[in-house]
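All values reported here derive from a predicted model rather than from experimental measurement. Letters A, B, ... mirror the listed sequences (proteins, then strands); counts begin at 1.
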Amino acid sequence: MCLQADDMSTNCPPSRRAPVRPFQGGGRSAWRVLIAAALLLSAPARADPRAGAALARQGATGAPACMACHGARGEGQAAAGFPRLAGQPQAYLLKQLEDFASGQRKSPQMEPIARALGTRQRRDAAEYYASLPAWSAEAAPAAPPSPAGLGARLATRGNWDKGLPACFACHGRDGTGITPHFPALSGQPSAYTRAQLKAWQAGTRGNDPQGLMKSVADRMTDAEVDAVSLYLENPASGGRRP
Amino acid sequence: MSNGLRNWLQSQKHTRGFHPSWILLVVAATLVVAGLVWIPASLVAKTEYDRLPASGAAAARPPAAQPGNIPAVNERPGAPARQGPRTLRVAFSPPQADAIPGGEFGAAVRLGRNIFNDTQTYARAYVGNGLNCVNCHLDEGRKADSAPLWAAFGMFPAYREKNHKVNSYEERLSGCFRFSMNGKAPPPGSKELMALMSYSYWMAQGAPIGVELAGRGYPKLKEPPQPPDAQRGKIVYEAQCALCHGADGQGTRVGGRYAFPPLWGKDSFNAGAGMTRIRNAAGFIHANMPLGKGGTLSVQQAWDIARYMNSHARPPDPRTARS
């Protein structure tokens with residue numbers, strides 16, 4: 001294998017052989033083992049989903065039980081707009097808890113709770129909710145078709161006439177998320193999705209990597225925010241692949 | 001009448017406040033001012049015209065363009081004669097997928113769209129890496145400045161330096177399979193190629209033939225202030241690209257499939273693909289990346305990232321590879 005720079009017609013002479021050969025096993029595995037071992041020994045004990053489950057059921061000092069708002073199975077609470085947590089990427093959930101604790105993400109309910117939890121407890125809770133079953137099209141309750149047209153189109157195709165990528169381009173096929181950075185959107189209460197999109201537009205939420213979500217939300221009209229939030233609540237009902 | 005005018009001029013010559021030669025002066029001054037405004041204006045218009053493909057077709061496209069209808073063509077009659085295809089300011093907006101017709105032809109278009117968006121499933125036999133057509137041709141092959149199908153279709157048959165012959169559109173599609181998809185060309189007339197041709201034709205209906213539409217291919221990016229540099233590119237890559245494409249450029253997988261495509265290595269395009277030309281890559285990156293934030297990287301950053309991306313090993317060019 002040779003390094004091909006910008007000229008595709010070059011037939012690489014031996015002198016241009018690449019110094020690194022990524023497809024052959026490197027001699028670095030010994031180092032990797034050493035580093036991994038060092039990490040294992042030095043890092044705090046792994047997150048414990050059972051401890052997270054206890055947190056979810058009973059809460060902790062200064063933190064009410066998660067399930068009081070997020071549902072018995074982490075499914076969220078549609079009417080109140082409390083988000084679904086089940087099956088979200090662990091790294092995403094942990095980042096949100098840390099951002100709530102630091103004030104980087106605003107929420108009158110979640111900020112004090114996240115601050116009341118220790119680093120370890122946040123990891124346990126994130127681990128627990130990540131381990132719960134995610135939303136899936138097959139398991140989704142059959143619902144009457146939502147006003148799918150606009151919402152479905154934005155979710156699956158976007159609107160590139162104004163530079164709006166499809167939600168699912170970054171949030172995964174069927175909106176089931178892409179670990180670690182992109183959360184699942186499908187099955188999320190529409191009130192929650194709507195509130196988040198509006199928060200990005202208003203600048204009251206700004207903890208997205210590289211400002212990616214902000215730049216998307218800023219291009220959406222109110223009607224588009226409503227339509228896509230409704231659609232994402234249960235994409236299975238609205239014609240998944242229009 | 002002329003006597004009256006002469007008398008009036010004579011009388012004016014003797015008044016102190018006005019001399020008739022002032023009329024000449026005013027006319028001359030007006031001409032000079034008009035010239036000062038007109039010459040730069042015409043120069044600006046000409047420059048704009050010359051750099052059409054780079055200017056982002058979305059901006060050039062009036063919103064009222066009817067999908068698939070005969071586009072409004074505003075050609076400048078005084079434009080300089082060009083070698084090869086003409087560039088037109090064409091308001092072309094491809095139809096939406098909901099408008100795919102029924103019947104056998106519609107079925108072929110639909111299959112073409114499926115192959116395009118999910119090549120891994122629908123043309124598995126001809127793909128040798130982890131990519132889908134839509135990875136480089138955004139928005140289902142519709143997005144301007146992302147090598148849209150509607151702008152490519154009307155440009156073939158055409159001579160290509162790449163293989164030193166006149167290529168049909170079908171052969172051009174085969175090239176994508178061979179190089180960008182690091183696979184093998186589907187046989188001519190195969191249902192896959194027929195479907196992709198149908199999809200392209202359907203999308204291009206109403207577009208003029210043999211003219212370079214605004215938004216075709218990847219924009220020709222300005223030369224960078226400094227020569228492209230992989231080390232600088234690595235720094236920008238890690239800040240702007242690694243989130244999706246991975247610090248190691250190997251993309252992000254979900255359930256065995258790439259949710260974000262690998263940019264080098266065994267599952268990426270091979271060394272014969274057009275994207276290995278850093279000019280193409282820089283144009284694509286600048287116009288389209290990060291996804292949803294196209295145009296936010298500087299020209300220099302786009303070139304540097306392109307250089308960095310193409311400084312890595314990838315599968316060899318099948319034309320020069322020895323087994």
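At a 4.5 Å heavy-atom cutoff, the contact between A:A169 and chain B is made by backbone and side-chain atoms alike. Residue contact with chain A, scored on non-hydrogen atoms closer than 4.5 Å, is absent for B:F179. In this structure, no portion of A:T176 lies under 4.5 Å from any heavy atom of chain B. For A:L164, no part lies under 4.5 angstrom from a heavy atom of chain B. Heavy atoms closer than 4.5 Å to chain A are found nowhere in B:N114, neither backbone nor side chain. With a 4.5 angstrom heavy-atom cutoff, B:R253 does not touch chain A via any of its atoms. In this structure, the portion of B:A239 lying under 4.5 Å from any heavy atom of chain A is its backbone and not its side chain.
Expressed to the nearest 0.5 Å, how far CD of B:Q96 lies from CZ of A:R153 amounts to 4.0 Å.
Surrounding NZ of A:K198 are more than 12 heavy atoms belonging to other residues, nucleotides or ligands, all under 6.0 Å away. Counting heavy atoms of neighbouring residues, nucleotides and ligands inside a 6.0 Å radius, atom CZ of B:R160 exceeds 12 of them. Within a 6.0 Å radius of NZ in B:K293, other residues, nucleotides and ligands contribute more than 12 heavy atoms.
Among the candidates A:G172, A:G211, A:G163, A:A166, the residue making the largest number of heavy-atom pairs closer than 4.5 Å to chain B is A:G211. For chain A, the option among B:T296, B:N117, B:L243 with the highest count of heavy-atom pairs below 4.5 Å is B:L243.
The two residues B:G292 and A:W160 have their closest heavy-atom pair at N-CH2, 4.1 Å. Heavy-atom minimum distance, B:V254 versus A:I178: CG2-CG2, 3.9 Å. B:A97 approaches A:R157 most closely through the heavy-atom pair N-NH1, 3.6 Å.
Side chain of B:K143 to backbone of A:D161: no donor-acceptor contact under 3.5 angstrom is found.
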